Colleague: 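What follows is a structure written as structure tokens; I'll ask about it next.
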Amino acid sequence: MQTSCDLVIIGAGAAGLAAADAAAKAGLHVELLEAMDRIGGRAFTDTVSLLAPFDHGCQWLHSAGINPFREEADKRGFRYWTDPFRIRIHDGNGWLDDDANERYAAFSEATSDKIDAAALAGDDGAAAAFIDRNNPWAQLFARNYAGILAVAPERSATYDSGRYTDTDEDWPVENGYGALIAATYAHVPVHLNCPVQSIDWSGAEIMVGTANGRILCRAVLVTVSIPVLKAGRLKFSPQLPGWKCHALDHIEMGYAEKVGFWLKRDPCPDIGMHYAMLNGPEAPDAAFLVKPYGRPMITFFAGADYARDLFVQGEEVAIAAARKLLGDTFGIDIAGDIVTAKATQWVANPWVGGGYSSLKPGGGEARADLAKPIDNRLFFAGEATSPDAFTTAHGARKSGIDAVDTIVAALTK
């Protein structure tokens, strides 16, 4: 590792990787530091635990028509599915019919439109205010919302769902989204197992303290997760200004976890890949992706506080809970078809700490404020800083590239 450079980038997720690539192309001497033993952040494809690639985190090419990772997938031969997803709803006793599915879809669309309209009107209150709780589909909508946004609608600002740029093209990557991102940036040099401990920006040069030594630089780009910033794992000297801390206070980390089950046989021979939603009276914030890419596999998705409280207890507990829900939904005989299972552990990962960010009600422009540089020396990027593609890998990527444009302008003045 060099002891001096133009730019230190902290975190080799999608934002940090894209930023390091862009900075090098701009002629900057860059050092990219990653605390974990791999790149990608929450984009991680597990090729060992199951009999096919299993994305622990990022899985869908969201807004695929404008997502640059779709172009990377085409270039590198990564397959993705563009067929519309079928949705089935289980009420705790059995599967509802198509007419019920359509009624839920109509309620969901109307409620989402209300939230979007409120956001465009400048309302950044809680999204829950726009859910008609007298409607029989209200709880299912709230449960699905928590699964997508990773927090309950009571804790999510309308700004987040209302300002998100959605082209209604959510295409899962068959070979693994994490693998796609790793392949896209395989050429980018990175120092793994190199957690940053301190950032001293009090002098003419910034001094970055790591587990492997110190680096002097002209600028630092921070791309770590919200929990890492809030926990004070990075010691800033001087401390971050009040306005930056205020922005952090108005963004929280949501929770999104999975359990992947590989089965002996096709669990639904007459139905292709689909999403099974749970609407029983005791149903948690969870759902199942059934037969992804036609494989004999079911992925259990858990969101929000339910995911946090369950998965923090460890993999065995999470798998057991998911297995019980699997039996309650698809019949107890399915337990005998399970070959192997794997649970994610984002909540326990000290360098991630959960799923992805969520703007709190009343948070206003906290995401934009989080992205603003300090003294044209400390810069910030990551999905949490994206105003319209938060929670996504492509949003993180763009934030990193945009930050480098600002950094280059600052360093060449």
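Hydrogens, waters and symmetry mates play no part in the numbers below; they use all other heavy atoms, side chains included. Worth saying up front: this structure is predicted, and the values here are computed from it rather than measured. In what follows, residues are counted from 1 in the order of the sequence shown.
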Colleague: Do Y145 and S161 touch side chain to side chain, with heavy atoms closer than 4.5 Å?
Modeller: yes

Colleague: Can I get a per-line list of side-chain donor-acceptor pairs under 3.5 Å for residues 132-139, giving both atom names and the distance, sequence neighbours left out?
Modeller:
| unit_1 | atom_1 | unit_2 | atom_2 | d |
| --- | --- | --- | --- | --- |
| D132 | OD1 | N134 | N | 3.0 |
| R133 | NH2 | E154 | OE2 | 2.7 |
| N135 | OD1 | W137 | N | 2.8 |

Colleague: Say you draw a straight line from CD of E365 to CG of L359; how long is it, rounded to the nearest 0.5 Å?
Modeller: 8.5 Å

Colleague: Return the minimal non-hydrogen interatomic distance between A12 and V190, and the atom names on each side.
Modeller: CB-CG2, 3.9 Å

Colleague: Does atom NZ (K398) have a neighbourhood of more than 12 heavy atoms from anything else shown, all under 6.0 Å?
Modeller: no

Colleague: Show the numbers, then the answer: is there a salt bridge (charged side-chain N to carboxylate O under 4.0 Å, His left out) between R308 and E257?
Modeller: CA-CA 8 Å; R308 177 198 62 198; E257 303 278 1; over 6 Å; no

Colleague: Name all residues meeting the side-chain contact (heavy atoms from CB on, under 4.5 Å) criterion together with A126; count only those two or more places apart in sequence or in a different chain, and write none if there are none.
Modeller: P361

Colleague: Return the orientation label for the H62 and W60 ring planes: parallel under 30°, perpendicular over 60°, tilted otherwise.
Modeller: parallel

Colleague: Could you pull out the closest heavy-atom pair between I39 and Y185, with the gap in Å?
Modeller: CD1-O, 4.5 Å

Colleague: Evaluate the ring planes of H274 and W95, with Trp represented by its six-membered ring, and classify them as parallel (under 30°), tilted (30 to 60°) or perpendicular (over 60°).
Modeller: perpendicular

Colleague: Tell me, please, whether Y159 has R163 positioned over its six-membered ring: NZ or CZ under 6.0 Å from the ring centre and within 45 degrees of its axis?
Modeller: yes

Colleague: Given the side-chain rings of H56 and F44, with only the six-membered ring counted for Trp, is the space between their centroids under 6.0 Å?
Modeller: yes

Colleague: For Y80 and D74, does a side-chain donor sit closer than 3.5 Å to a side-chain acceptor?
Modeller: yes

Colleague: Rounded at 0.5 Å granularity, tell me how far CZ in F236 sits from CD1 in I206.
Modeller: 10.0 Å

Colleague: Below 6.0 angstrom between ring centroids: does that apply to Y356 and F390?
Modeller: no

Colleague: First locate atom SG of C194, then atom CD of E31, and finally report the distance between them rounded to the nearest 0.5 Å.
Modeller: 9.0 Å

Colleague: Tell me whether the rings of F107 and F141 are parallel (<30°), tilted (30 to 60°) or perpendicular (>60°).
Modeller: perpendicular

